[in-house]
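In listed order, ligands and their atoms are each counted from 1. In this chain, numbering begins with 1 at the start of the sequence shown. Worth knowing before you read on, the calculation uses all heavy atoms, side chains too, and leaves out hydrogens, waters and symmetry mates.
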Amino acid sequence: MHDAQDTRPTSSNPYMSDWLSSMQTTAHDSALLPPHHGDCLGCGPANQHGHHLRARRHGDGVVAAHVFDGRHVGAPGIAHGGAVATVLDDLFGFALYVVGELAVTRKLEVEYLAPVLLQTEYTLHAEMLSRNGRKLRLRARVEDQNGQVVATADALFIVVGPAHFTSRAPVIQARR
Ligand SMILES: CCCCCCCCCCCC(=O)SCCNC(=O)CCNC(=O)[C@H](O)C(C)(C)COP(=O)(O)OP(=O)(O)OC[C@H]1O[C@@H](n2cnc3c(N)ncnc32)[C@H](O)[C@@H]1OP(=O)(O)O
């Protein structure tokens with residue numbers, strides 16, 4: 001049984017409370033959106049292995065400028081495909097602020113159209129395409145500085161309630 005209708009107060013665990021309160025943020029256009037939490041692999045400022053993605057609201061979607069670095073190398077000089085997927089997945093997590101729902105990735109499909117180069121700035125966009133009940137369809141793209149699309153992603157996110165996260169918080173804490 002899913003927990004999408006569970007609106008009970010969040011855990012007293014501060015790690016999870018911060019996370020869940022930041023998820024409920026709404027923001028005006030072009031405002032910098034908060035990280036999902038400090039240790040998030042995609043956007044957490046405290047995660048030394050992370051991507052430190054920073055995204056802004058842009059209309060009904062989000063936009064980010066992002067540079068992959070040597071920690072994310074696959075082939076020499078080129079970002080690892082898994083690193084690109086991580087950033088796109090996290091960008092969808094930012095788009096959920098605009099959608100205004102807690103949701104998690106059920107399916108993520110990435111198309112790598114051209115190499116994503118290290119130490120090179122890319123512009124990332126994401127938005128929701130449609131919603132059917134708990135199912136959110138989202139799309140993202142990565143553009144180089146000439147506007148060429150080098151990667152796209154289509155995702156299915158499923159709306160969940162806070163309990164999806166709080167019920168697992170002790171496990172997360174124990175592994176940190
Ligand atoms: C502001 C907030 C920020 C939030 C930001 C959060 C941080 C962002 C980080 C980036 C995002 C992540 O990495 S999230 C982490 C990675 N993802 C996860 O850990 C999720 C693991 N998976 C799960 O926990 C579960 O599978 C759920 C919760 C996703 C779904 O389980 P469930 O609740 O039992 O739902 P289930 O019935 O299976 O499926 C729901 C509906 O989707 C349909 N469905 C399922 N799979 C598919 C499919 N491939 N294609 C079509 N449809 C499908 C089902 O038929 C059903 O339709 P119908 O019967 O309703 O019509």
For ligand 1, is any non-hydrogen atom under 4.0 Å from Val99's backbone (N, CA, C, O), its side chain (CB onward), both, or neither?
neither

Tell me, which pairs form a side-chain hydrogen bond (donor to acceptor under 3.5 Å, both in side chains) where one or both residues lie in residues 137-154, sequence neighbours left out?
Arg139-Asp154, Arg141-Glu143

Option passing ring-ring contact (aromatic ring centres under 6.0 Å, His included) with His72 (candidates His52, His80, His51, His66)
His51

Using a strict cut-off of 4.0 Å, indicate which atoms of ligand 1 neighbour a heavy atom of Val160.
28 (C)

Parallel, tilted or perpendicular, judged at 30° and 60°: which one describes the rings of Phe94 and Tyr97?
tilted

Among pairs that include at least one residue of residues 104-124, which meet side-chain hydrogen bond (donor to acceptor under 3.5 Å, both in side chains), considering only residues two or more places apart or in two chains?
Asp89-Thr105

Under 4.0 Å to a heavy atom of Tyr97 - the qualifying atoms of ligand 1, by number
1 (C)

So, His36 side chain and Gly93 main chain: donor-acceptor pair closer than 3.5 Å or not?
yes

Ligand-residue contact atoms, ligand 1 with Arg137, heavy atoms, under 4.0 Å:
51 (C)

Out of Leu88, Thr105, Leu156, the nearest non-hydrogen contact to atom 12 (C) of ligand 1 is supplied by Thr105

I'd like to know whether Arg131 forms a salt bridge (Lys or Arg N to Asp or Glu O under 4.0 Å) with Glu101, so could you lay out the CA-CA distance, the side-chain angles of the two residues, the decisive distance to 0.1 Å, and finally the verdict.
CA-CA 11 Å; Arg131 175 172 188 164; Glu101 293 280 14; 2.6 Å; yes

My understanding is that we take every heavy atom of each candidate and find the minimum distance to atom 25 (C) of ligand 1. Doing that for Lys135, Arg134, Lys107, Arg106, which one comes out nearest?
Arg106

Does ligand 1 have a heavy atom under 4.0 Å from the side chain of Leu96, from its backbone, from both, or from neither?
both

